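All remarks here apply to the structure that follows.
As the structure is a computational prediction, the values presented were derived from the model and not from experiment.
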Amino acid sequence: MDEKWALDPTEDGGARLVALGHDGLPSGPVAHEPDLAAAVRTRPGVGRWVWRSTPDIYPRLLAAGVRVERCYDLEAAELLLLGHEGRLGEPRSAAAAWARLHRLPVPPDPPSRTVEPSRQSPLFEPPSAVSPPLEALVEVYADQQRRHDRAEHPGRMRLLTASESAGMLVAAEMNRAGVPWRADVHRALLHDLLGERYAGGGEPRRLAELADEVSAAFGRRVRPDLPADVIKAFAEAGIRITSTRRWALEEIDHPAVAPLIAYKKLYRIWTAHGWSWLADWVREGRFRPEYTPGGTVSGRWTTNGGGALQIPKVIRQAVVADPGWRLVVADADQMEPRVLAAISRDPGLMEVAGHDGDLYTALSDRAFSGDREHAKLALLGAIYGQTSGDGLKNLAALRRRFPRAVAYVDDAAKAGEEGRLVRTWLGRTSPPAAGSGDDGEAGLPQETEEEAPRGDGEFTPGYASSNARARGRFTRNFVVQGSAADWALLLLAALRQELATAGARAELVFFQHDEVMVHCPEEEAPLVVKAIRSASDLAGRIAFGETPVRFPFTTAVVERYSEAK
């Protein structure tokens, strides 16, 4: 299973392919096959397929019943290598990589595909971009191998590329499997929460009632769905606010606050997961978003439509296992602090993170006189840069007890402030200009007004800041959050392999940052729980080497997703 072949689908449904040597160059003649799936199926000895883009190729193989164990995604690798070379933002297509290699004009990347509701994902359509011929793909691949050799840590960089490619396979398989979804349960939930729908597509009854309550509290008509109108209404009442997020509203003593918060919560459900969403996205008992591995600078996944990573807890009641099946939902326990222990090599913090129990309790016993809350605030403050007020005092205590861990994130923050490249443990790179928005929340997209976290945002390309301090907060978190995302990729790859080796019918159906969901026959649930734990241990060893750090999961075997938490 150590053979490596390059593969290029042809427009007539066939493929051109060639065996590759250790140097990445062809080691035999080019073969022509009339059927793409047959070309792969008849070569079971191939251990890794090298191709242009997994989203354009693998779904077609899955539709034909062909599963691939490993691949090398040229375009995913190009994105990682460009970032490592300080060139993130340059076109990452195979055509662009080939043009750069030959010092030719570099074509722009094709527009990002958008999943259209009420139809199958474009993952199942032929590729929209023109692919270079097989010979050009092989040239790009060989050049990428040389570029890996020039990386700061070549072995880690190769591991990152392999894990990103594995994540592409997992994403395609998850999309095909789909999240089990009961449309009848979803409709009943919406009726209970929102009331009847009115003709013409207006707000449902409960929202209309809450809007009336908000207006009555202000003594004039106010649109609670318009933040500017709400801010103006409070200003007229003598209350100055700059945000209508829940945490800001809860600090106000005014009769409009309670109905306004209730309205915002229900409005989000109506617009993001209401009747229209249900009609658009759920088909034949499955919800199939298109996952995008590495969709953010930190390596965290995004979805191209459907809002799969922001399913409200109440709506999770509609995620129901098939009859005779179960959902195994596993949450990584305090993943980012454990990752910090592994990457900083701080002996004290590694000892604390070397147990499956609550990390913050163990931390408080060693440095905070048993005060768990202070221990948690100190460690998260170090990771996220929240060092004002009591945070500064807590951080000082943390620095005395765990100097290498604090120095690790401090050094990353300094590098960001100075505009230098900052990398995760495996080599994923943050661009020099990346930073947070002006509101001080680390990388939080500003258009996300509803229920946004305070100071614990995701890194999203495009939200750069000229403020050096903001960049420092960004890179401080990036080295931890990005390294955690790298570890999670290895977890998914290991779990996928464990289930395949066991011959299980279980399917990975959902993944979100530190949570994974597997849909399996009831009798396979114990096997899946064991596989998750084994995959977690293996991912930790592969990513960070032999350290005492443990990466435990809280695992629940349930019929409904809502029962897991």
Side-chain angles (χ1 to χ4, degrees), residues 114-118 186-282 289 302-303 305-318 437-439 441 444-454 456-458 460 462-463:
T114 301
V115 179
E116 297 180 15
S118 72
H186 192 151
R187 280 190 288 268
L189 286 169
L190 293 176
H191 184 273
D192 290 344
L193 290 169
L194 302 173
E196 299 81 12
R197 287 187 288 174
Y198 297 133
E203 292 181 340
R205 174 180 54 80
R206 183 57 185 145
L207 281 178
E209 292 172 349
L210 288 168
D212 289 342
E213 292 182 35
V214 171
S215 296
F218 283 118
R220 71 168 180 85
R221 196 66 194 169
V222 174
R223 288 280 302 276
D225 58 321
L226 298 180
D229 201 16
V230 173
I231 291 173
K232 180 180 178 182
F234 275 117
E236 292 172 350
I239 301 172
R240 183 181 180 275
I241 62 172
T242 58
S243 171
T244 61
R245 293 173 182 164
R246 184 176 62 185
W247 58 263
L249 294 175
E250 287 175 340
E251 297 176 356
I252 301 170
D253 182 14
H254 191 279
V257 169
L260 184 56
I261 290 176
Y263 178 94
K264 288 166 66 66
K265 180 179 180 180
L266 294 181
Y267 183 83
R268 186 168 180 80
I269 291 173
W270 177 51
T271 55
H273 290 91
W275 292 278
S276 295
W277 180 94
L278 180 61
D280 288 341
W281 289 101
V282 177
T302 58
T303 57
L309 304 184
Q310 296 178 338
I311 303 173
K313 184 172 182 179
V314 65
I315 299 299
R316 294 176 188 177
Q317 296 178 57
D438 292 335
D439 69 342
E441 298 186 76
L444 184 67
Q446 295 302 295
E447 74 272 17
T448 304
E449 172 67 23
E450 299 294 333
E451 309 308 326
R454 298 186 69 175
D456 186 7
E458 170 57 74
T460 306
Y463 293 91

Item to check | Residues in side chain to side chain donor-acceptor pair (under 3.5 Å) contact with H273, at least two apart in sequence or another chain | outcome: none
Checklist outcome for this item: For I269 and P312, the nearest pair of non-hydrogen atoms, with its separation, is CG1-CG, 4.3 Å
Checklist entry - What distance separates L278 CG from L190 CG, expressed to the nearest 0.5 Å? => result 7.0 Å
Checklist entry - Any idea which heavy atoms bring I252 and V257 closest together, and the distance? => result O-CG2, 3.7 Å
Item to check | ring pair (Phe, Tyr, Trp, His ring centres under 6.0 Å) contacts touching residues 194-231 (sequence neighbours left out) | outcome: F218-F234, F218-H254
Next on the checklist: I need the minimum non-hydrogen distance between V222 and A233, along with the two atoms involved.
Outcome noted: CG2-CB, 3.8 Å
Next on the checklist: Testing the basics here: between T302 and L309, what is the closest heavy-atom pair and its distance to 0.1 Å?
Outcome noted: CA-CD1, 3.8 Å
Item to check | Distance (rounded to the nearest 0.5 Å) between L260 CG and E250 CD | outcome: 11.0 Å
Checklist entry - Looking at residues at least two apart in the chain, or sitting in another chain, which of them share a side chain to side chain donor-acceptor pair (under 3.5 Å) with Q317? => result none
Next on the checklist: Quick check for you: to the nearest 0.5 Å, what is the distance between E203 atom CD and Y263 atom OH?
Outcome noted: 3.5 Å
Next on the checklist: Taking atom CZ as the centre, does R220 end up with more than 12 heavy-atom neighbours from other residues, nucleotides or ligands that are less than 6.0 angstrom away?
Outcome noted: yes
Item to check | D229: side chain to side chain donor-acceptor pair (under 3.5 Å) partners, not counting sequence neighbours | outcome: none
Checklist entry - Which heavy-atom pair separates L194 from P204 by the least distance, and what is that distance? => result O-CB, 3.4 Å
Item to check | Partners meeting side chain to side chain donor-acceptor pair (under 3.5 Å) with E209 (sequence neighbours left out) | outcome: R205, R206
Checklist outcome for this item: L193 and L266 have their tightest heavy-atom pair at O-CD1, 3.8 Å
Next on the checklist: Check whether W277 reaches the backbone of G306 with its side chain - one donor and one acceptor, N or O, closer than 3.5 Å.
Outcome noted: yes
Next on the checklist: Taking salt bridge (charged side-chain N to carboxylate O under 4.0 Å, His left out) as the definition, give me every residue that meets it alongside R221, ordered by chain and number, with sequence neighbours left out.
Outcome noted: D212
Next on the checklist: So P224 and Y267, do their side chains get closer than 4.5 Å, heavy atoms only?
Outcome noted: no
